[in-house]
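Data first, discussion second: the structure below is written as structure tokens.
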Amino acid sequence: MARNYALYTHRNIFLTGKAGTGKTTFLKRLQEESRKRMIVVAPTGVAAINAGGVTIHSFFQLAPGLFLPGKMVAGRDPKSHYSFSKQKQNILRSLSLLVIDEISMVRADLLDAIDDVLRRFKDRNKPFGGVQLLLIGDLQQLAPVATESEWPLLQEFYDTPYFFSSQALRQTDFVCIELKHIYRQQDERFVSLLNAVRDNHLTTSIMQSLNTRFIPRFVPPADEDWITLTTHNHQAAQLNTRRLAELTSPAHTFTAKITGEFPETSYPTDVELTLKIGAQVMFCKNDPSTAKAFYNGRIGRVEAINGDRVTVLCGSSRIEVGPLPWVNTRYTSDAATGTIREETIGTFTQIPLRTAWAITIHKSQGLTFDHAIINAGRAFSHGQVYVALSRCRTLEGLVLATPITPDVITTDPDVVQFNEYATAHEPTAEMFLRDRRSFIEDTLCDIFDFQAISMRLRYFARLAAEHLSAYFPAYARAAADTATQVDADLLAVGIKFQQQIRKLIPLTDSFNSNTALRERIRKGMGYYASTTARILGEFFELEQPIIDNARVREHISNEYQILRTAYDEKMAIFIACINDFSLTAYWDAKACASMTEDAPKKRTSRKSKTPEKVFIDTDRITNPTLYRRILDWRSAVAKERHLPAGYIMTIRTVIGIANLQPRTPEELLSVPGVGPKTIADFGPDLLELVAASRS
């Protein structure tokens with residue numbers, strides 16, 4: 001059900017499940033299978049590395065601290081989290097599915113900050129810009145952090161700090177799906193005990209069963225590898241330091257090699273990793289080779305150290321390992337294929353081990369152990385005891401360092417209430433069929449919806465009328481005429497066509513069996529392919545006018561590029577689906593067009609015989625040849641002097657010289673914008689250009 005909802009609907013999904021139910025495995029398989037444009041993010045660096053994604057803050061360029069809906073936080077630059085590169089903007093605009101792993105640790109205001117960014121670059125009128133969310137995690141595990149100074153400010157906007165209190169998420173009709181099969185533990189008695197701890201349904205008999213594993217002054221057998229799970233960092237660090245110092249064998253220190261960008265908070269092990277023969281260690285990476293000899297969380301003892309190779313004895317298996325890399329990635333777009341790629345921006349290369357007599361419960365999340373000593377007597381947040389206990393495969397494989405008392409097993413009533421809601425709102429098979437049909441319906445209607453293009457084009461036409469009509473009235477008029485044609489022949493027709501789609505959709509349960517709808521879509525693709533190319537294609541064939549004002553030029557250029565990308569996306573979909581519609585063809589075509597960036601415009605060099613290709617407005621320019629030559633000359637002079645072209649001569653002056661064609665310095669001086677300094681600096685060159693155009 002979870003797979004089908006992620007692949008074949010656009011409903012937001014909260015995917016949960018007890019520890020060991022395969023949430024991480026599900027995500028890995030989805031990444032391999034989905035054709036949607038997908039990004040994976042997580043709240044912490046370690047979680048992001050484990051999920052094969054990036055952190056929420058780095059991807060969305062969010063500043064640390066509070067996000068208060070509708071308010072600015074003092075001292076924060078209001079423009080900082082919108083300073084996205086063009087490539088990042090393309091990724092955001094093409095995004096279809098956003099996966100957030102370890103959602104239990106994501107605070108409500110952080111989810112609303114994501115909504116704020118996505119609305120800016122996608123659809124302003126839809127939660128999260130219309131992007132589908134897949135939220136993965138277990139609310140009974142680690143909780144979000146809201147400090148005593150933060151919560152008084154946040155509670156003005158949120159009932160709880162948890163993600164489900166997000167204002168944007170509450171505007172969506174998200175489904176809740178729970179993975180129920182537990183793969184980590186096979187003992188039904190232990191599973192029942194864990195469920196009781198997770199849900200805080202503790203009875204006297206359950207507490208007694210649990211505390212049978214309290215063994216005072218427990219000494220692990222010499223032939224078994226045991227790890228201690230503690231509530232605080234300093235406890236784990238002290239135990240590891242003490243146990244390592246007790247070994248009399250020589251110490252070997254391995255220094256990590258760090259390249260590029262790799263935040264210290266994401267380091268998977270020590271930069272200076274000190275090991276001794278006999279040290280208990282834990283692998284902190286899965287074996288990337290085909291041997292698959294080790295995995296993240298496997299425990300063993302150092303048997304030998306030779307140079308940069310360490311041999312670890314795990315039971316009866318000897319595993320030799322050398323330095324291995326971890327990568328820090330960022331998402332980039334491939335203009336050729338339309339795919340979103342993970343680009344490595346930094347590496348951390350180190351022996352994939354850490355001393356492991358002890359680690360914190362927080363760092364143990366996601367790991368599995370055969371033998372663990374649980375020191376949870378100082379548990380300070382709900383879910384800690386459950387996370388610690390559920391790391392173990394069997395009840396016999398855990399020992400309690402202190403008795404577990406009811407006061408350290410706490411449950412947040414807000415979480416209990418939400419989990420009850422989630423259980424009561426799991427989708428049925430009938431709901432999925434309805435949601436899948438709705439997804440097909442909305443996807444088809446969106447293809448033939450020109451509302452967004454119409455609004456963008458009318459705004460662009462207003463910009464052209466305001467800034468270009470003085471020198472390029474024909475271009476401003478073309479923009480306005482194109483907007484009118486789009487409204488009449490694409491927008492209005494599209495509204496009627498969408499009504500036909502919604503009438504035909506209910507005829508059958510599936511799109512493939514709906515022959516009437518498929519034939520109607522095929523004809524619609526043909527009409528829209530030709531009509532869109534005729535109206536918008538002709539407009540985009542026009543060269544953009546040269547604009548000297550940098551601010552105006554950037555504004556108009558950005559709006560033009562957004563329009564052009566929307567046009568390219570529509571045309572790519574029409575062409576890809578002109579014979580028959582399929583979701584695969586749709587996703588591939590949409591992604592490829594959305595991710596394509598315009599190649600840099602080629603400027604003609606001073607020595608080139610081919611004039612620079614520019615927009616010529618015959619309403620204002622009577623000598624196009626001379627106009628082009630003066631522009632080429634202006635560009636060459638500006639390049640030599642390292643100045644903007646508008647500083648050499650304005651477009652108004654270029655048009656004036658091209659139209660008046662002055663023969664003498666006196667006539668040149670009569671052109672608006674030409675003064676004595678222009679005559680002194682450039683007079684002979686300009687008069688020579690005019691004379692050449694007459695010959």
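Start at 1 with the first residue, then count along the sequence.
The side-chain heavy atoms of Thr21 and Phe26, taken from C-beta on, include no pair separated by under 4.5 Å. In this structure the side chain of Ile100 reaches within 4.5 angstrom of the side chain of Ile114, judged on heavy atoms. For the pair Phe67 and Leu62, the minimum side-chain heavy-atom distance is 4.5 Å or more. Between Asp412 and Tyr162 the shortest side-chain heavy-atom distance falls below 4.5 Å.
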Check: Is there a side chain to side chain contact (heavy atoms under 4.5 Å, CB included) between Glu559 and Leu563 once you walk through the steps?
Finding: CA-CA 6 Å; Glu559 290 299 322; Leu563 265 176; 5.9 Å; no
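A donor-acceptor distance shorter than 3.5 angstrom exists from the side chain of Lys122 to the backbone of Leu95, with no hydrogens or angles considered. Looking only at distances, a side-chain donor or acceptor of Arg518 sits under 3.5 Å from a matching main-chain atom of Asn512. Checking side-chain atoms of Asn558 against main-chain N and O of Glu554 turns up a donor-acceptor pair under 3.5 Å. The main-chain N or O of Ile136 is never found under 3.5 Å from a side-chain atom of Lys23 such that the two would form a donor-acceptor pair. The backbone N or O of Leu133 sits less than 3.5 Å from a side-chain atom of Asn12, completing a donor-acceptor pair. Not a single donor-acceptor pair under 3.5 Å links the side chain of Ser438 to the backbone N or O of Arg434. Looking at Thr55, its side chain never comes within 3.5 Å of a backbone N or O of Ala42 through a donor-acceptor pair. Side chain of Ser165 to backbone of Pro161: no donor-acceptor contact under 3.5 angstrom is found. Asp112 contributes a side-chain N or O that, together with a main-chain N or O of Gln167, makes up a donor-acceptor pair within less than 3.5 Å.
Put simply, the residue from His10, Lys36, Arg11 that forms a side chain to side chain donor-acceptor pair (under 3.5 Å) with Gln132 is Lys36.
Under the 6.0 Å distance and 45° angle rule, Arg564 counts as a cation-pi partner of Phe540. With a 6.0 Å cutoff to the six-membered ring centre and a 45° limit on the axis angle, Lys88 counts as a cation-pi contact of Phe59.
Taking the six-membered ring for Trp and thresholds of 30 and 60 degrees, Phe163 and Phe14 have ring planes inclined between 30 and 60 degrees apart.
Side-chain atoms of Thr565 and Gln561 include a donor-acceptor pair closer than 3.5 Å. When only modelled atom types and interatomic distance are considered, Ser454 and Asp487 share a side-chain donor-acceptor pair under 3.5 Å. When only modelled atom types and interatomic distance are considered, Asp435 and Tyr5 share a side-chain donor-acceptor pair under 3.5 Å.
Comment: Asp116 does not engage Arg124 in a salt bridge, judged by the lack of any side-chain N to carboxylate O separation of less than 4.0 angstrom. The existence of a salt bridge linking Glu426 and Lys180 is confirmed by a sub-4.0 Å separation between a basic side-chain nitrogen and an acidic carboxylate oxygen. Taking a cutoff of 4.0 Å between a charged side-chain nitrogen and a carboxylate oxygen, Arg522 and Glu519 qualify as a salt bridge.
The environment of Gln155 atom CD is dense: over 12 non-hydrogen atoms of other residues, nucleotides or ligands sit within 6.0 angstrom.
Legend: residues meeting side-chain contact (heavy atoms from CB on, under 4.5 Å) with Ala479, ordered by chain and number and at least two apart, are Phe460, Ala461, Ala464, Phe539.
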Taking only distance into account, with no hydrogens and no angle test, what donor-acceptor pairs under 3.5 Å do side-chain atoms of residues 523-531 form with protein atoms, sequence neighbours excluded?
| residue | atom | partner | partner atom | Å |
| --- | --- | --- | --- | --- |
| Tyr527 | OH | Asp489 | O | 2.9 |
| Tyr528 | OH | Leu490 | O | 3.0 |
| Tyr528 | OH | Gly494 | N | 2.7 |
| Ser530 | OG | Gly526 | O | 3.3 |
| Ser530 | OG | Tyr527 | O | 3.0 |
| Thr531 | OG1 | Tyr527 | O | 2.8 |

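Listed by first and then second residue, the ring pair (Phe, Tyr, Trp, His ring centres under 6.0 Å) pairs involving residues 87-113 amount to none (not counting sequence neighbours).
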